[in-house]
Protein chains: 2
Amino acid sequence: MPDAAAAHQTVVVERSLFEKNDDLAGRNRQRFRAARLLTLNFLSAPGSGKTTLIERTAVALAGRRRVGVIVGDLATDNDAARLRAAGVPVVQITTGTVCHLDADMVARAADQLDLTALDILIIENVGNLVCPADFDLGEDLRVVLLSVTEGEDKPLKYPPAFHSADIVVVTKTDLAEAAGFAREQALLNLRRVSHHAEIFEVSARTGQGMTAWTDYLAGLRGNQAT
Amino acid sequence: MPDAAAAHQTVVVERSLFEKNDDLAGRNRQRFRAARLLTLNFLSAPGSGKTTLIERTAVALAGRRRVGVIVGDLATDNDAARLRAAGVPVVQITTGTVCHLDADMVARAADQLDLTALDILIIENVGNLVCPADFDLGEDLRVVLLSVTEGEDKPLKYPPAFHSADIVVVTKTDLAEAAGFAREQALLNLRRVSHHAEIFEVSARTGQGMTAWTDYLAGLRGNQAT
């Protein structure tokens with residue numbers, strides 16, 4: 001296949017895939033809203049602390065909001081096992097070599113949850129700050145994590161993910177000093193890229209900042225979120 | 001387009017793209033070896049410390065090996081500026097929304113370097129533990145970084161990248177205690193997935209482990225590397 005034809009065909013196939021995903025995401029969104037769910041799509045680099053934050057959030061909201069989780073990974077069900085051990089209903093999606101979740105994977109996973117028994121559905125995406133940004137899953141809000149150990153420049157270097165964020169959670173704040181994290185510069189960079197995002201700063205390990213974060217979530221409703 | 005036809009077409013286009021990349025990577029490899037270069041492809045999650053490690057490595061090798069760098073990012077030339085400030089010849093590739101470097105991008109960037117004036121060419125890939133694993137760039141050796149702050153489970157959760165590693169560098173060891181890094185478990189996981197990899201543990205910030213790492217690199221030759 002000549003290069004130009006291959007490139008053209010790639011673009012056409014990609015557009016077809018994105019359009020199909022957007023259709024399915026729209027259907028997911030209708031379904032989740034009909035179930036009066038608040039749905040959150042968590043994006044971050046590998047090792048930013050998504051699973052720990054979700055676990056501690058679900059535990060902190062216990063008695064106020066019923067949280068269920070759909071979790072995506074290339075391999076292993078470690079994250080699902082951790083969340084299940086914390087008493088959270090969870091479905092694991094194993095993507096193999098696929099670098100992101102898509103709306104179809106989420107629809108199938110949601111079939112395995114009793115949505116009427118939940119108030120908040122958290123989708124933990126594959127650890128990847130690039131590809132998941134392109135895929136609407138039908139969420140109400142997109143939550144992007146920035147670990148203090150990753151450095152203050154990451155919002156500038158990964159603009160699609162941070163630009164698409166409705167909420168940014170700066171994680172592992174207990175390591176900020178040890179990591180030499182330049183907090184003011186990080187917040188400046190976030191304000192440049194994540195224009196409309198609410199920003200929280202937490203340490204899931206020490207609990208610092210967790211009350212403000214979980215109170216905020218408890219105050220949101222699926223139908224009011226956007 | 002019906003789903004099955006779209007899926008089939010996607011597979012065909014992907015295969016065509018991978019085959020084309022492999023051809024170009026083969027040409028890069030010939031070219032780099034003809035120039036008697038040792039070429040290293042650095043892969044990691046965002047914020048694992050690729051740029052800092054490369055900078056300190058180049059400085060430590062000064063007078064023994066001449067290091068040049070090709071660096072890939074979605075946006076900004078921050079990394080290139082940091083490396084240039086350290087006196088390292090560097091070419092920045094800005095990928096826009098593309099989640100990995102490919103062999104063609106590297107070939108074009110290499111045109112902007114005087115390869116005959118280098119002994120070691122380091123390619124710093126886009127920060128992403130998934131997609132770059134699929135793209136041969138024509139390197140002699142693939143170097144995958146694991147930051148202690150990312151957690152000991154990452155080799156199990158990102159098998160394609162860690163399985164493809166010739167060398168694994170555990171980075172930010174000065175933060176291991178603060179981050180609660182389970183070193184023995186991490187090494188066990190690495191041995192399960194990165195079967196043939198040499199493993200180094202370094203802190204580019206404190207210099208811990210850097211001598212063993214840079215002495216190892218100084219002892220390698222491009223033509224002997226694989």
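Letters A, B, ... mirror the listed sequences (proteins, then strands); counts begin at 1. All heavy atoms count here, side chains included; hydrogens, waters and symmetry mates do not.
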Chemist: Checking side chain to side chain donor-acceptor pair (under 3.5 Å) against B/E201, which of B/Q208, B/R183, B/K172 comes through?
Modeler: B/R183
Chemist: Just by distance, do the side chain of B/N125 and the backbone of B/G72 share a donor-acceptor pair under 3.5 Å?
Modeler: no
Chemist: Hey, which of B/V126, B/L156, B/N78 has the most heavy atom pairs under 4.5 Å with chain A?
Modeler: B/L156
Chemist: Could you check whether B/D136 pairs with B/R29 (Lys NZ or Arg NE/NH1/NH2 to Asp/Glu carboxylate O, under 4.0 Å)?
Modeler: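 Counted as a salt bridge, because a side-chain N and a carboxylate O are separated by less than 4.0 Å.
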Chemist: Heavy-atom distances under 4.5 Å only: say whether B/D79 touches chain A with side chain, backbone, both or neither.
Modeler: side chain
Chemist: Let me know if B/L74 has heavy atoms under 4.5 Å from chain A in its side chain, its backbone, both or neither.
Modeler: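 Both the backbone and the side chain of B/L74 come within 4.5 Å of chain A.
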Chemist: Ignoring hydrogens and geometry, is there a side-chain-to-backbone donor-acceptor pair from B/R142 to B/A133 under 3.5 Å?
Modeler: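 Yes, because the side chain of B/R142 sits within donor-acceptor range (under 3.5 Å) of the backbone of B/A133.
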Chemist: Are the side chain of A/E152 and the backbone of A/A182 linked by a donor-acceptor contact shorter than 3.5 Å?
Modeler: yes
Chemist: Quick one: does A/D77's side chain have a donor or acceptor within less than 3.5 Å of a partner on A/A80's backbone?
Modeler: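 No.
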Chemist: Please determine whether salt bridge (Lys or Arg N to Asp or Glu O under 4.0 Å) holds for the pair B/D73 and A/K157, giving the CA-CA distance in whole Å, both sets of side-chain angles, and the decisive distance to 0.1 Å.
Modeler: CA-CA 7 Å; B/D73 280 301; A/K157 292 179 68 181; 3.4 Å; yes
Chemist: Would you find a donor on one side and an acceptor on the other, under 3.5 Å apart, between the side chain of B/D174 and the backbone of B/T206?
Modeler: no
Chemist: Could you tell me whether the side chain of B/H163 and the main chain of B/S194 form a donor-acceptor pair under 3.5 Å?
Modeler: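 No; judged by distance alone, with no hydrogens or angles, the pair does not exist.
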Chemist: Are there residues of residues 85-101 of chain B that reach to under 4.5 Å of chain A by heavy atoms, and which ones?
Modeler: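 Within residues 85-101 of chain B, near chain A: B/T97, B/C99.
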Chemist: Chain A: which of B/P160, B/S48, B/S44, B/G47 shares the most heavy-atom pairs with it under 4.5 Å?
Modeler: B/G47
Chemist: Report which part of B/K154 has an atom under 4.5 Å of a heavy atom belonging to chain A: side chain, backbone, both, or neither.
Modeler: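 Contact with chain A is through the side chain of B/K154 alone.
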Chemist: Select one option (side chain, backbone, both, neither) describing which atoms of B/P46 are under 4.5 Å from chain A's heavy atoms.
Modeler: both
Chemist: Check whether B/E19 reaches the backbone of B/L17 with its side chain - one donor and one acceptor, N or O, closer than 3.5 Å.
Modeler: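 No; judged by distance alone, with no hydrogens or angles, the pair does not exist.
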Chemist: As an exercise: rank B/G180, B/G151, B/A45, B/A178 by heavy-atom pairs under 4.5 Å with chain A and give me the winner.
Modeler: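 Most pairs with chain A among the choices: B/A178.
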Chemist: Which bit of B/A179 is near chain A, if near means a heavy-atom gap under 4.5 Å: side chain, backbone, both or neither?
Modeler: both
